[in-house]
Amino acid sequence: MNMKNKIKFNFPHVSEYEEKGKIGTNHTKLYDDEGNIISDEENNIKSNVGIKPMCIRGNMNLAVTNRGQLLPCCKCDTHRMMKDPEFKKLVDNSYLTDYNSVNDILNNDYYKAFQESLERNRGPFACWDLCRTNKEKGRQEMTVAVKGELKIWERK
């Protein structure tokens, strides 16, 4: 499929979350005007933190909301995530009643674009919070950016 025909998400990189962990308004561009993916290096992002998505690796169950939407995992079903305009594209195109099977949803352009974004180290807040690569086992942590520097906060 030609990149111009694909759904394009512009999820923020972890360094773009502001101090309180809210999604910032100045996202890096994931695609250029021709639809080519822009790398972290081209966006001047230097971080040793990445996403290792459990939903793609098969380590996390899919979730179905009480609204009949198929989500990558239950951690995505929050008010904050539903307000994210990029994630909303996926959610609005994942109603079980609009498809014949779960596989049809997982193979739609929105889920494919979501997976591609995660593979490019871009994702919504819940993905960074749950599936980042430097998360210590047994601790509940949150990654935020404070004045351009990554910070890990432990939830108590």
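Below, all heavy atoms of this structure are taken into account, side chains as well, without hydrogens, waters or symmetry copies.
For the atom pair CD (Gln115) and CG (Leu90), the distance works out to 11.5 Å, reported to the nearest 0.5 Å. Going from atom CD of Gln69 over to atom CD1 of Ile105 covers 10.0 Å, rounded to the nearest 0.5 Å. Atom CG of Asn61 is separated from atom CG of Leu71 by 13.0 Å, given to the nearest 0.5 angstrom. The line from CG of Leu96 to CG of Asp104 is 11.0 Å long, rounded to the nearest 0.5 Å. Cys76 contributes atom SG, which lies 8.5 Å from atom CG of Leu130 (distance to the nearest 0.5 angstrom). Summarising the geometry, atom CD belonging to Glu119 is positioned 5.0 Å from atom CD1 belonging to Ile56; distances are rounded to the nearest 0.5 Å.
For the side-chain contact (heavy atoms from CB on, under 4.5 Å) test, residues two or more places apart in sequence or in another chain that qualify with Lys88 are Asp92.
No side-chain donor-acceptor contact under 3.5 Å links Asp77 to the backbone of Cys74. Between the Asn107 side chain and the Asn103 main chain, a donor and an acceptor come within less than 3.5 Å of each other.
Cys73 and Ala63 get closest at one heavy-atom pair: C-CB, 3.6 Å. The shortest non-hydrogen separation linking Gly123 to Leu118 is CA-CD2, 3.9 Å. Between Arg67 and Met82 the shortest heavy-atom distance is NH2-CE, 3.6 Å. A pairwise comparison of heavy atoms in Phe11 and Arg122 identifies O-CD, 3.4 Å as the closest pair. Across all non-hydrogen atoms, the minimal contact from Ala126 to Lys75 is CB-O, 3.5 Å. Shortest non-hydrogen contact noted between Tyr99 and Asn108 is OH-ND2, 3.0 Å.
The environment of NZ in Lys52 is sparse: at most 12 heavy-atom neighbours from other residues, nucleotides or ligands sit within 6.0 Å.
Here the side chains of Phe87 and Cys127 are not in contact, with every heavy-atom distance at 4.5 Å or above. In this structure, the side chains of Asn121 and Trp128 come closer than 4.5 Å at one or more pairs of heavy atoms. At a threshold of 4.5 Å between non-hydrogen side-chain atoms, the residues Glu116 and Lys112 do not count as touching. Between Ser94 and Tyr110 there is no side-chain heavy-atom pair separated by less than 4.5 Å. Side-chain contact between Val64 and Val102: absent, with no pair of heavy atoms (C-beta onward) separated by less than 4.5 Å.
Between Phe9 and Phe114, the angle of the ring planes goes over 60°, which puts this pair in the perpendicular group of the 30/60° scheme.
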* Using the side chain to side chain contact (heavy atoms under 4.5 Å, CB included) rule, take Val91 and Thr65 through it: C-alpha gap first, then chi angles, then the decisive distance, then the call. => CA-CA 10 Å; Val91 172; Thr65 69; over 6 Å; no
